[in-house]
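These notes concern the structure reproduced below.
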Amino acid sequence: MALSNTAQSYGSLSKALHWATALSILALIPLGIIANGLPFDTSEQLARKALLFSVHKTLGVTVFFLALVRIAWMIRQPKPAPLHPERRLETFAAEMVHWALYGALVLVPLSGWIHHAATTGFAPIWWPFGQNLPMVPKSETVAHLFAGLHVVFERVLVIALALHIAGALKHRIIDKDGTLARMLPGGGAVAPAPTAPSHRATHILPPLGAIAGFALAIWVGSLLGIYHGKDAAPVARAELAAVASDWQVETGTLSITVSQLSAPVTGAFEDWTAEIAYDPETRTGETTVTVAIPSLTLGSVTGQALEAEFFDATAHPTATYTATIAPAPEGSDAPLMATGLLTLKGVELPLALPFDLSVTEGLAEMTGRATVQRLDFGIGPSYPDEASVGFAVEIDVTLTARRQEG
């Protein structure tokens, strides 16, 4: 069988690309549906869900590159002429559906890939090139947008695929012609009608029709509001009272890092306050930090992290850390140490936070790190091993604070 297409038949490469793509899509769609519907209430369930999502994502990226190869080959090849050129509307519809399929085969995996790159955590793509994409920031807004587009483009793919299959069956069962046979393995050449010219798929109207279909689908998705995500019901934010402090925090981050399925996932609390009393001469002081738990963002698992199994942000909307500041013991990794009690999810435990501090003309810059064990605070008790969620949670603090006069 010839590698290239002719006016009468598809070549072996076109057939191979067609059926490889078709089989991948027929696997991808149920994989995504099943993975999305699986529970994740236990460590075993989470691992199973993540496994299926990793297979889905990896196969999706494979389809993306397969589609690019297929489109590039299609553009440079003659396309077998239609067997019924006199049926202009039918021929136009078939061409438009083909273009919709080509577009969906690129846009569905690409939108899913961008959603994956824009968030953190859960079900990596199995390949050695990392999980990020150039020019795609870690952003909940971007992630929600492309998650919605992924759903929209997937619906277009399903509709186009159904129409494509229906057209093939019509040719086979009703018309009883050789249209389907030309794409089957081992299928031979089928001559078009004498008046049917050999043509390349470059007529402008079918691709424009497909583009209009995508635009309509995106518009409908906007009307349905699917680009804003479908997270769990939002948890009411804890209103933190203003604090009177000798040192006023100007900028700062309070982040946590947890291992999920052996991959680090980092998030941050947006709302927190710090009451700080510190004497640079004696290098002693005290501090009270209050954190609004519902302000946490933790990539793709934010909603899960705020649920009762983990932080239980509804029942325990704040966490507090009250500590004294003093020079760190000899041998510590940092010159200063905050030593006190962390109250989280109703549990109060000691926590030592070593940190570095520099003070220049009344402006203090501080960085510190501590590690806690999530099970000590009753976080994730249904995940009693580290196969899915690690025990250790790293807390990182950076801030700049200015000394207040008077």
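What you are looking at is a predicted structure, and each value in this text was computed from that prediction instead of being measured. Side-chain atoms are counted along with the backbone in the values below, which use heavy atoms only and exclude waters and symmetry mates.
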When rounded to the nearest 0.5 angstrom, what is the spacing between [atom1] in [X] and [atom2] in [Y]?
X    : Y    : atom1 : atom2 : result
L357 : L336 : CG    : CG    : 6.0 Å
I33  : L52  : CD1   : CG    : 12.5 Å
L351 : T343 : CG    : OG1   : 10.5 Å
H144 : I226 : NE2   : CD1   : 12.5 Å
T297 : L306 : OG1   : CG    : 9.5 Å
L296 : T302 : CG    : OG1   : 6.0 Å

For [X], what residues pass the side-chain hydrogen bond (donor to acceptor under 3.5 Å, both in side chains) criterion, not counting sequence neighbours?
X    : answer
R155 : none
T339 : none
W73  : S14
T266 : T257

ring-ring contact (aromatic ring centres under 6.0 Å, His included) pairs, two or more places apart, involving residues 42-61: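 Residue pairs with at least one partner in residues 42-61: F53-F122.
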
Between E95 and K79, does any side-chain N to carboxylate O distance fall below 4.0 Å?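 Between K79 and E95 there is a salt bridge, with a charged N closer than 4.0 Å to a carboxylate O.
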
Between R403 and D246, is there a salt bridge with N-O shorter than 4.0 Å?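 No, this pair does not count.
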
Would you mind reporting whether [Y] and [X] have side-chain heavy atoms less than 4.5 Å apart?
X    : Y    : answer
L17  : V69  : yes
D41  : S382 : no
V108 : F64  : no
T287 : T322 : no
E309 : Y383 : yes
L342 : L349 : no
T253 : V397 : no
Q45  : T42  : yes

Neighbour count above 12 (heavy atom, 6.0 Å) for E286 CD: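 Result for CD/E286: open.
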
Can you name the side-chain contact (heavy atoms from CB on, under 4.5 Å) partners of [X], sequence neighbours left out?
X    : value
L180 : A168, R172, L184
N132 : K138
T273 : L240, V243, T290

Between [X] and [Y], is there a donor-acceptor pair closer than 3.5 Å when you use the side chain of the first and the backbone of the second?
X    : Y    : answer
K49  : F40  : no
H150 : G112 : yes
D385 : A387 : yes
S245 : Q248 : no
E386 : F391 : yes
S9   : T6   : no
W219 : S222 : no
D312 : E307 : no
K176 : I173 : yes
R374 : V258 : no

R369: what forms a salt bridge (Lys or Arg N to Asp or Glu O under 4.0 Å) with it, not counting sequence neighbours?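 By the salt bridge (Lys or Arg N to Asp or Glu O under 4.0 Å) rule, R369 matches E394, D396.
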
Of all residues at least two apart in sequence or in a different chain, which pass the salt bridge (Lys or Arg N to Asp or Glu O under 4.0 Å) check with E250?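 Once residues adjacent in sequence are excluded, the partners of E250 under the salt bridge (Lys or Arg N to Asp or Glu O under 4.0 Å) criterion are R402.
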
For the residue pair H84 and H171, does the interplanar ring angle fall in the parallel (under 30°), tilted (30 to 60°) or perpendicular (over 60°) class?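 Rings of H84 and H171: parallel, under 30°.
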
Just say parallel, tilted or perpendicular for the rings of W113 and F65, cut-offs at 30° and 60°.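 Geometry flag for F65 against W113: perpendicular rings.
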
Write down the atom of [X], the atom of [Y], and the distance for their closest heavy-atom approach.
X    : Y    : answer
L344 : A319 : CD1-CB, 3.8 Å
F214 : A100 : CZ-O, 3.5 Å
N5   : G11  : OD1-N, 2.8 Å
A217 : Y227 : O-OH, 4.2 Å
A104 : F153 : CB-O, 4.3 Å
A123 : K57  : O-NZ, 3.0 Å

Any pair with a residue in residues 337-356 that passes salt bridge (charged side-chain N to carboxylate O under 4.0 Å, His left out), sequence neighbours left out, goes on the list, sorted by first then second residue, please.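 Every pair satisfying salt bridge (charged side-chain N to carboxylate O under 4.0 Å, His left out) with a residue in residues 337-356: there are none.
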
Answer yes if the side chains of T400 and E365 hold a donor-acceptor pair under 3.5 Å, and no otherwise.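 No - no donor-acceptor pair under 3.5 Å links their side chains.
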
Let me see the working for Q373 and V393 under side chain to side chain contact (heavy atoms under 4.5 Å, CB included), right down to the final yes or no. CA-CA 6 Å; Q373 301 295 313; V393 179; over 6 Å; no

Once ring-ring contact (aromatic ring centres under 6.0 Å, His included) is applied, do any residues pair with F146, and if so which ones, sequence neighbours excluded?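 None.
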
